[in-house]
Amino acid sequence: MKTETLAHTAIEPGILYFGTPVVLISSSNEDGSANLAPMSSAFWLGWRAMLGLGARSKTAQNLLRTRECVLNLPSDALAAAVDRLALTTGSDPVPAGKTSRGYFHVADKFSRAGLTPVASSTVAPPRVAECPVAMEAVVEAVHPVADDDPQQRGGIVAIEVRVQRVFVHPEILVPGSSDHIDPDAWRPLIMSFQKLYGLGSQVHPSTLARIPERMYRGPDIERARLS
């Protein structure tokens, strides 16, 4: 039997963003005002999240100073609002690296995006009312990235945060459930190679979905109840 295989081609893309959810991180500036920044270098393990950020960004500086934030997850319906924050920064003056890419300073990011701040329960930065998911979180650790390379050392950090509260719009819950997200109702905004996308329908049944969600519940959930 003859079997045909697809050949790979070696390439060197400038970025490796193959598709991750967009996160709007709200944080507190030095004067107490709120900063709001879109990013997509994030992943979750239990009630922890790892956030990949430029160390000199306003968001990273705010998180390292205040040790708290809100991770707001926009739906695909909020793509235009997220895009209005593109090329904006809360830093003033604008860092040279961002100036060369066309960034400009905006003090009131919520107004710029047309989004509504609402008071958080356990942290100072506000949640985004329009986002179907908002997770209040505190910084637990900071991990340097590319510290082995003198040219990149100090430029990137992976900030580990622990979620303290999870707030959602009721319509994305499984009907009759108080804490299970319905994947068919939740439509996250996805960034893939700098472009914004939504999700399609489920393409294949998942064997992992047979495992009850309760079996993944970790000690951070109990700890969050104390905050």
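Along the sequence shown, the residues carry numbers beginning at 1.
- In this structure the side chain of F167 reaches within 4.5 angstrom of the side chain of E136, judged on heavy atoms.
- Between the side chain of H180 and the backbone N or O of V174 there is no donor-acceptor pair closer than 3.5 Å.
- Under 4.0 Å is where a charged nitrogen must lie from a carboxylate oxygen, and between R65 and E30 at least one such pair does.
- L53 is not listed as a side-chain neighbour of I156, based on a closest heavy-atom distance of 4.5 Å or more.
- R67 contributes atom CZ, which lies 8.5 Å from atom CD1 of I159 (distance to the nearest 0.5 angstrom).
- In this structure, the separation between CE on M135 and CH2 on W47 is 10.0 Å, given to the nearest 0.5 Å.
- Side-chain atoms of P132 and V168, non-hydrogen and from C-beta on, never get closer than 4.5 Å to each other.
- In this structure, the side chains of V133 and I172 come closer than 4.5 Å at one or more pairs of heavy atoms.
- Rounding to the nearest 0.5 Å places CE of M191 at 4.5 Å from CG of L196.
- Partner V161 forms a side-chain contact (heavy atoms from CB on, under 4.5 Å) with one of V138, I25, V70, L51 and no other, that one being L51.
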key: V128 vs L36, side chain to side chain contact (heavy atoms under 4.5 Å, CB included): CA-CA, chis, key distance, verdict   = CA-CA 9 Å; V128 178; L36 188 64; 3.8 Å; yes

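- For residues 190-212, there are no side chain to side chain donor-acceptor pair (under 3.5 Å) pairs, not counting sequence neighbours.
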key: From CA spacing to verdict: side chain to side chain contact (heavy atoms under 4.5 Å, CB included), T59, M39   = CA-CA 10 Å; T59 295; M39 60 89 77; over 6 Å; no

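- Side chains of E68 and L63 form no contact here, defined as non-hydrogen atoms less than 4.5 Å apart.
- With hydrogens and angles disregarded, a donor-acceptor distance shorter than 3.5 Å links the side chain of R187 to the backbone of L199.
- The side-chain heavy atoms of T20 and F43, taken from C-beta on, include no pair separated by under 4.5 Å.
- For the side-chain contact (heavy atoms from CB on, under 4.5 Å) with V82, the lone residue among V22, D76, L115, V23 that qualifies is V22.
- Hydrophobic clustering places V166 together with I221 (ILVMFWY residues linked when any side-chain heavy atoms are closer than 4.5 Å, directly or through intermediates).
- Under the 3.5 Å distance criterion, the side-chain polar atoms of H105 are matched with a main-chain donor or acceptor of T89.
- For the pair V139 and V142, the tightest heavy-atom approach, listed with the atom from each and the gap, is CG1-CG2, 4.2 Å.
- No donor-acceptor distance shorter than 3.5 angstrom exists from the side chain of K58 to the backbone of S91, with no hydrogens or angles considered.
- R165 and S227 share a side-chain donor-acceptor pair at under 3.5 Å.
- Summarising the local packing, CG of L226 is surrounded by more than 12 heavy atoms from other residues, nucleotides or ligands at distances under 6.0 Å.
- Nearest heavy atoms, A224 versus V163: CB-O, 4.0 Å.
- For the residue pair N35/S26, the side-chain donor-acceptor check at 3.5 Å is not satisfied.
- Of all the heavy atoms in G155 and R56, the pair that sits closest is CA-NH1, 3.4 Å.
- A donor-acceptor contact shorter than 3.5 Å links the side chain of H169 to the backbone of A129.
- Shortest non-hydrogen contact noted between S27 and N62 is OG-ND2, 3.0 Å.
- Atoms OG and CG, from S57 and L64 in turn, are 8.5 Å apart once rounded to the nearest 0.5 Å.
- One side chain, S33 or N29, offers a donor N or O that lies under 3.5 Å from an acceptor on the other.
- R217 and D179 are joined by a salt bridge, as a carboxylate oxygen and a charged side-chain nitrogen come within less than 4.0 angstrom of each other.
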request  = Begin with the C-alpha distance, continue with both residues' side-chain angles, and end with the deciding distance and a verdict on side chain to side chain contact (heavy atoms under 4.5 Å, CB included) for V157 and H143.
outcome  = CA-CA 6 Å; V157 291; H143 309 273; over 6 Å; no

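- The backbone N or O of F104 lies less than 3.5 Å from no partner atom in the side chain of T88, so there is not a single donor-acceptor pair.
- S111 places no side-chain N or O within 3.5 Å of a backbone atom of D108 that could act as its donor or acceptor partner.
- A side-chain donor-acceptor contact under 3.5 Å links E130 and T116.
- When atom types are taken as modelled, the side chain of R112 and the backbone of R84 share a donor-acceptor pair closer than 3.5 angstrom.
- Nearest approach of P74 to W186, heavy atoms of both residues: O-CH2, 3.6 Å.
- Side-chain atoms of L24 and F110, non-hydrogen and from C-beta on, never get closer than 4.5 Å to each other.
- No side-chain heavy atom of P188 sits less than 4.5 Å from a side-chain heavy atom of L73.
- No single ILVMFWY cluster, assembled from side-chain heavy atoms under 4.5 Å apart, contains both L45 and Y216.
- Of all heavy-atom pairs spanning N72 and P126, the tightest one is ND2-O, 4.4 Å.
- Counting non-hydrogen atoms of neighbouring residues, nucleotides and ligands closer than 6.0 angstrom, the OH atom of Y17 reaches no more than 12 such neighbours.
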